[in-house]
Amino acid sequence: MSEWSSYRLQDFIPFTSDIYFRLLERMGEAYWPLHLLILALGASAFFLSLRGRARIACFLLAPVWGFVGVAYFFARYGELNWAGNYMGWAFLAQAATLTLFSITHFGTEVSPQRRGLPFFAGVLIAATGLLGYPVIAPLMGYSWFQAETFGIHPAPTAVTTLGLVVISLRGAAMWIAAAIPLLWITVSGLTLVVLDAPWASAPFAILALGLAGLVWAEMERRSDRAKARQAPDKRGLPNS
């Protein structure tokens with residue numbers, strides 16, 4: 001215990017701000033203009049989620065997670081941080097999970113979700129990942145190639161996916177699909193804190209809103225199930 005207590009957060013981020021933003025820039029330069037195609041893919045998944053087509057949305061998101069896992073973590077981030085390869089496998093696991101949900105229909109809904117807090121929280125989070133993240137770095141004086149974009153960099157990919165999960169998945173599937181996005185949003189926020197990035201608080205705000213949306217969605221689901229059990233069946237008897 002005493003040995004672990006001697007570590008600081010900085011000890012788990014073995015690179016400087018310059019190296020980190022150069023990594024983002026390398027990704028941006030290497031895959032431009034693939035950004036536009038993947039952004040269109042994310043927008044399609046967003047639209048489908050709003051229409052209650054979560055199964056197809058999961059199918060569209062799956063290869064994006066696989067691509068980021070390989071191109072970002074295995075090929076680049078793993079060279080800077082020993083934990084990068086583990087996160088690469090986590091992103092591949094997320095891709096496999098989304099693929100499984102798209103095949104089995106597990107946890108998805110055919111009709112659009114209730115327009116309550118979870119729905120609007122999910123819309124705000126997903127829109128932030130798709131449209132907000134790409135403009136943060138340029139607004140802070142960094143180059144456009146250092147801008148983080150959905151499907152190319154992990155943070156906006158995780159943020160967008162978290163929003164879509166809150167919108168369109170329910171039950172155990174919702175929590176399973178949200179776990180890795182929540183994890184990486186936390187790691188991303190801590191990394192930005194260590195590197196003194198001006199927008200370091202943004203991932204934590206998204207994290208709080210996402211958790212609120214998930215908890216509220218779970219409460220709504222349980223309330224709906226309780227009402228369904230209490231509703232009389234066709235014979236006028238309560239459902240047991």
Side-chain angles (χ1 to χ4, degrees), residues 8-43 45-46 61 64-88 90-91 94 123-164 180-210:
R8 301 176 302 164
L9 182 58
Q10 290 83 349
D11 296 326
F12 296 94
I13 311 296
F15 44 78
T16 65
S17 176
D18 289 341
I19 293 175
Y20 178 73
F21 286 106
R22 177 54 186 156
L23 168 63
L24 300 182
E25 189 173 32
R26 285 169 56 200
M27 282 293 296
E29 292 173 342
Y31 293 105
W32 176 261
L34 185 61
H35 304 59
L36 302 178
L37 176 61
I38 299 183
L39 184 62
L41 194 68
F46 189 13
L61 290 172
V64 174
W65 278 81
F67 173 77
V68 175
V70 174
Y72 183 88
F73 287 104
F74 287 142
R76 291 172 174 83
Y77 190 84
E79 297 176 355
L80 305 178
N81 191 335
W82 60 268
N85 290 330
Y86 292 102
M87 286 308 308
F91 268 59
Q94 180 76 0
V123 168
L124 179 58
I125 293 169
T128 300
L130 285 172
L131 304 176
Y133 257 82
V135 301
I136 292 177
L139 288 176
M140 295 296 176
Y142 295 87
S143 75
W144 278 101
F145 279 120
Q146 291 173 319
E148 296 182 82
T149 56
F150 169 81
I152 301 295
H153 301 92
T157 303
V159 169
T160 302
T161 302
L162 176 61
L164 300 188
I180 294 175
L182 288 172
L183 172 62
W184 184 253
I185 293 170
T186 303
V187 173
S188 176
L190 293 174
T191 300
L192 294 176
V193 168
V194 172
L195 301 180
D196 291 323
W199 60 94
S201 60
F204 297 107
I206 294 169
L207 188 68
L209 182 59

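The distance from the CG atom of Asp18 to the CG atom of Leu23 is 12.5 Å, given to the nearest 0.5 Å. Here the straight-line distance linking atom OG1 of Thr149 with atom CH2 of Trp144 works out to 11.0 Å at 0.5 Å rounding. Atom CD1 of residue Ile180 and atom CD1 of residue Ile185 lie 12.0 Å apart, to the nearest 0.5 angstrom. Interatomic distance, Leu131 CG to Phe46 CZ, rounded to the nearest 0.5 Å: 8.0 Å. Here Leu162 contributes atom CG and Leu182 contributes atom CG; the two are 5.0 Å apart, rounded to the nearest 0.5 Å. Note that CG of Leu61 is 5.0 Å distant from CZ of Phe150, once rounded to the nearest 0.5 Å.
Every residue meeting the side-chain hydrogen bond (donor to acceptor under 3.5 Å, both in side chains) condition with Thr161, not counting sequence neighbours, appears here in chain and number order: Trp65. Judged as a salt bridge (charged side-chain N to carboxylate O under 4.0 Å, His left out), and not counting sequence neighbours, the contacts of Arg22 are Glu25, Glu29. Shown here are the side-chain contact (heavy atoms from CB on, under 4.5 Å) partners of Leu209, two or more places apart in sequence or in another chain: Ala121, Leu124, Ile125. Leu41 pairs by the side-chain contact (heavy atoms from CB on, under 4.5 Å) definition with Leu60, Val64, not counting sequence neighbours. Every residue two or more places apart in sequence or in another chain that forms a side-chain contact (heavy atoms from CB on, under 4.5 Å) with Val187 is listed here: Leu183, Trp184, Thr191. Residues satisfying the side-chain contact (heavy atoms from CB on, under 4.5 Å) criterion with Glu79, sequence neighbours excluded, are Arg26.
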Check: residues 193-205 side-chain donor-acceptor pairs under 3.5 Å, at least two apart:
none

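The shortest heavy-atom contact between Gly151 and Thr157 is N-OG1, 2.9 Å. The two atoms that bring His35 and Gly28 nearest to each other are CE1-O, 3.2 Å, heavy atoms only. Of all heavy-atom pairs between Ala30 and Arg76, the closest is CB-NH2, 3.7 Å. What you find for Tyr86 and Trp82 is that their closest heavy atoms are CD1-O, 3.7 Å. Scanning both residues, Pro134 and Leu130, for their nearest heavy atoms gives CG-O, 3.4 Å.
In this structure, His153 and Leu24 have side chains that are in contact, with non-hydrogen atoms separated by less than 4.5 Å. Side chains of Pro138 and Gln146 form no contact here, defined as non-hydrogen atoms less than 4.5 Å apart.
Screening Tyr31, Tyr72, Phe91 for a ring pair (Phe, Tyr, Trp, His ring centres under 6.0 Å) with Phe67, the sole residue that qualifies is Tyr31.
Screening residues 126-142 for side chain to side chain donor-acceptor pair (under 3.5 Å), with sequence neighbours left out, gives no hits.
Side chain of Ser188 to main chain of Ala155: no donor-acceptor pair is present (N/O by atom type, distance under 3.5 Å, no hydrogens or angles).
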